[in-house]
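Computed from a predicted model, the values in this text were never measured in an experiment. Here is how names work: the chains are called A, B, and so on, in the same order as the sequence lines, proteins then strands, and each is numbered from 1.
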Amino acid sequence: MNVTIVDYNSGNISSVINSFKEVAKNKVKIEVTSDLNKIKSSDKLVLPGQGSFKSCMDALNKINGLTDRLNEFVINNKKPLLGICVGLQMFADIGYEEIETKGLGWISGKVSKIDNQEGKFKLPHIGWNQINIVKDSKIFQNIENNSHMYFVHSYEFVPNEKNVISATTDYSSNIVCSVEKENIFGTQFHPEKSDKIGLQVIKNFINL
Amino acid sequence: MLKNRIIPCLDVKNGRVVKGINFVGLKDAGDPVEQAKIYSDGGADEICFLDITASNENRDTIYDVVEQTSKKCFVPLTVGGGVRSVEDISKLLSCGADKVSINTAAVENSKVVIDSSKKFGSQCIVVAIDAKKNGDKWEVFTHGGRNNSGIDTLEYAKQMEENGAGELLVTSMDRDGTQVGYDIDLMFKISSKVNIPVIASGGVGNLDHLVDGIKLGNASAVLAASIFHYGKYSIKEAKEYLDSKGIPVRI
């Protein structure tokens, strides 16, 4: 089996690579590439994302044929994909960071700024927060409810279909922090930075 | 609920951990990769490396330290010291740092913070402020505390938020190395001034100081070095103590 981390020049993905390699040991091949053929032949994809919704979408769109290939992988071939942070946010139809930007549209909804209640809550939402698991998700196997995960973000994904939500976290409001829709998985938190419990999420995805 | 973070900081020189007392009088305290691993296994919420003599010595050792550490520690890793340019930041991030802290360069050239936060995202840009009290205000110092910029710390903190910093790491020069506690007044004033998280640094001598930094200083995270290095307290003890004082921590 091979798992490909999609490298589309969206900032720092070293930690994602290190964590997947740590979990995979030598049993699973971890590729890091934007090569369309390699993506097509992968068993699973990881879509990281740092920076803004707009900068990540721009970077994806800049690589000729990449979004089409991702659509084919996820929508037509129904193969598993894990989006992390802005990688998850891009599942939405639309994002409002910087300017209104069209997303991948895999899970209908929008990405908007976290309501900081007039400065009562600091943004970005940085640090360890507990997740409330609201539905069984394959990537939460052996993960206890209320586990701590590492977050760093100022925007949140608000999906239209509430049944895709697998976990939320409490900050200024109830923030969606994990989704699962058929073969599509996403975490707003960073499993690659969430210590052993985060590595377990990665292991669960690799073992799907 | 979001937890307050405890961040052990390792001062690194030539690839080895040292601890400065008021930035002079260095003692060797071991291998940074091993130390970082001990801290992350012990429950540290993040790890911070400060390359203390990076401005005037060979920098390559820190890249190797970061690369090795990021393969063993799966909690956020912040690296600072001698970061001059967007290229330096890019190199540290590609070696596996999750955040880079910028000190002198942020004072001298505001474009470094503006450009790097645009390029890599605010989440990985920490502005480190060394502040020293002068009368009823605090002034920003650069070059490892050697030069006084004369800039007002509170105004500067706000400016850095506007320039795109994701967090502020605030060190009291008056308290650093003294072990008498954070400059609570400074931490509280900065934290009230900005809407981004503040990490308190400089002066921790016991666990009550950590409590004060959060409860009185309103810091989102507390950074400490020597109390952890020499085994005075473990990260676990610190967290249990904070928990007993009603501070939300990850245990």
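Your options are A/Val86, A/Leu123, A/Ile13, and the one with the most heavy-atom pairs under 4.5 Å with chain B is A/Leu123. In terms of non-hydrogen atom pairs under 4.5 Å with chain A, the most contact-rich of B/Val249, B/Leu93, B/Leu2 is B/Leu2.
More than 12 heavy-atom neighbours from other residues, nucleotides or ligands sit within 6.0 angstrom of NZ on A/Lys162. Crowding of A/Phe121 atom CZ: a count of heavy atoms from other residues, nucleotides or ligands under 6.0 Å exceeding 12.
Of the atoms belonging to B/Ile199, not a single heavy atom falls under 4.5 Å from chain A. Using a 4.5 Å cut-off between heavy atoms, B/Ala97 contacts chain A through its backbone alone, with no side-chain atom that close. A/Leu199 touches chain B through its side chain: at least one heavy atom from C-beta onward sits under 4.5 Å away, while N, CA, C and O do not.
Judged purely by atom type and a 3.5 angstrom limit, A/Asn183 has no side-chain atom pairing as donor or acceptor with the backbone of A/Pro80. Within the 3.5 Å criterion, the main-chain N or O of A/Leu208 finds no donor-acceptor partner in the side chain of A/Lys138.
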Find the N and O donor-acceptor pairs between chain A and chain B that sit under 3.5 Å apart.
| unit_1 | atom_1 | unit_2 | atom_2 | d |
| --- | --- | --- | --- | --- |
| A/Asn12 | ND2 | B/Ala97 | O | 2.9 |
| A/Ser14 | OG | B/Leu93 | O | 3.0 |
| A/Ser14 | OG | B/Ser94 | O | 3.2 |
| A/Ser15 | OG | B/Asp98 | OD1 | 2.6 |
| A/Asn18 | ND2 | B/Ser70 | O | 3.3 |
| A/Asn18 | ND2 | B/Ser70 | OG | 3.1 |
| A/Gln50 | OE1 | B/Gln123 | NE2 | 2.9 |
| A/Lys122 | NZ | B/Ser191 | O | 2.7 |
| A/Lys122 | NZ | B/Ser191 | OG | 3.4 |
| A/Lys122 | NZ | B/Val194 | O | 2.8 |
| A/Lys122 | NZ | B/Ile196 | O | 3.4 |
| A/Leu123 | N | B/Asn195 | O | 3.0 |
| A/Trp128 | O | B/Lys3 | N | 2.9 |
| A/Trp128 | NE1 | B/Asp45 | O | 2.9 |
| A/Asn129 | OD1 | B/Met1 | N | 2.9 |
| A/Asn129 | OD1 | B/Leu2 | N | 3.4 |
| A/Gln130 | OE1 | B/Lys3 | NZ | 3.1 |
| A/His148 | NE2 | B/Lys3 | NZ | 2.7 |
| A/Tyr150 | OH | B/Glu46 | OE2 | 3.1 |
| A/Tyr150 | OH | B/Lys99 | NZ | 3.0 |
| A/Lys193 | NZ | B/Val75 | O | 2.9 |
| A/Lys193 | NZ | B/Asp98 | OD2 | 2.7 |
| A/Ser194 | N | B/Phe74 | O | 3.4 |
| A/Asp195 | N | B/Phe74 | O | 2.8 |

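A pairwise comparison of heavy atoms in A/Phe157 and A/Ala92 identifies CE1-CB, 3.4 Å as the closest pair.
Using a 4.5 Å heavy-atom cutoff, the side chains of A/Ile131 and A/Phe151 are in contact. When side chains are defined from C-beta on, A/Leu45 does not count as touching A/Leu82, because their heavy atoms never get closer than 4.5 Å.
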Side chain to side chain contact (heavy atoms under 4.5 Å, CB included) evaluation trace for B/Ile196 with B/Leu168
CA-CA 7 Å; B/Ile196 52 178; B/Leu168 299 177; 3.7 Å; yes
